[in-house]
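Numbers here simply count residues along the sequence, with the first being 1. Note that the coordinates shown come from a computational prediction; the quantities given were computed from them, not determined experimentally. Note that ligands are numbered from 1 as they come in the structure, with each ligand's atoms numbered from 1 the same way. What you see below is based on every heavy atom in this structure, not just the backbone, and it leaves out hydrogens, waters and symmetry mates.
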Amino acid sequence: MKYIALPGMIILLFLFQNSFAQQKDTIPAVTTFRFKTVVIDAGHGGKDAGARGSHSFEKNVTLSIALKLKAALDTAITDVNAILTRTDDTFIPLNQRSAIANQNHGNLFISIHCNSSPEGTAARAHKQKGVLMLVYGFHRLKEQEEAVRENASIFQEKDYKQNYESYDESDPSNLIVLNAYIQKYRKQSIRFGDLLDDEFTGVDGRESNGVKEQGVLVLAHSAMPAVLIETGFINNPEEEEYLNSDEGQHEIVMTIIRALRNYRKAIGA
Ligand SMILES: [Zn+2]
């Protein structure tokens, strides 16, 4: 908090107040909340390969994990419907992914990705490892290394300038404040992120880089709690092998399912 200048604080407080006022007026009387749908998003696809390892592409790893997650969810949690944003090697624009989630009235959006450090597959790159959970929340434009890399998918889209009007990185010192709509889901997203973190570290013994708030576009327009999971560093040979193995993918899938069960318990759904 110490980095936020006073005028920024005032704007923040104003926005908070404003959002509470708005929420009072607009929240419908919800009687029973049913957790029905999880949207699983396999990152990248088609012409957008995502990050590269020494012998594999992120887009293939994410699809394989997403398909396994759907199959496992269909068996393990039968009262929840799992929707995939893609089922094959197709390019899907980021805004279309959130549109699919919103049209299906998802209760949770899980985007599967792989991390990569800037060195690529150079020998000195092999030290970084572990998972990372990203949620869309308060962030500074200059403190979002992973989001910038994941958001680069939009440059594969012909009309990205029209489609992502608000995507402006010209002022790197800006603190991005959130509208009421997004604030509604921020806390629950962090909660799910924390539960994932617990499972990855506590049960699988994975290293974790924690839960971070960044300006991830694929999460920004999803009208539901949403978490992007960087399942490991594809440019680290050890993790690339794990990420491509049936065993590793199965472990990641089961971890997400346990975290999902805990999340539903936590929110009483
Ligand atoms: Zn990615």
What I'd like to find out is whether the side chain of R206 reaches to under 4.5 Å of the side chain of T201, using heavy atoms alone. no
Sequence neighbours excluded, the answer for salt bridge (charged side-chain N to carboxylate O under 4.0 Å, His left out) partners of E230 is R149
| task | List the steps, then state whether side-chain hydrogen bond (donor to acceptor under 3.5 Å, both in side chains) holds for N262 with E199. | result | CA-CA 10 Å; N262 293 342; E199 296 299 317; 3.2 Å; yes
For R86, the salt bridge (charged side-chain N to carboxylate O under 4.0 Å, His left out) test, sequence neighbours excluded, returns none
With a cut-off of 2.8 Å, strictly less than, protein N/O/S atoms near the Zn ion (ligand 1) add up to 5
What donor-acceptor contacts under 3.5 angstrom involve side-chain atoms of residues 187-195, with partners at least two apart or in another chain?
residue : atom : partner : partner atom : Å
S189    : OG   : Y185    : O            : 2.7
S189    : OG   : A226    : N            : 3.0

* Asked: With the threshold set at 4.0 Å, does a side-chain nitrogen-carboxylate oxygen contact exist between E213 and R186?
  -> yes
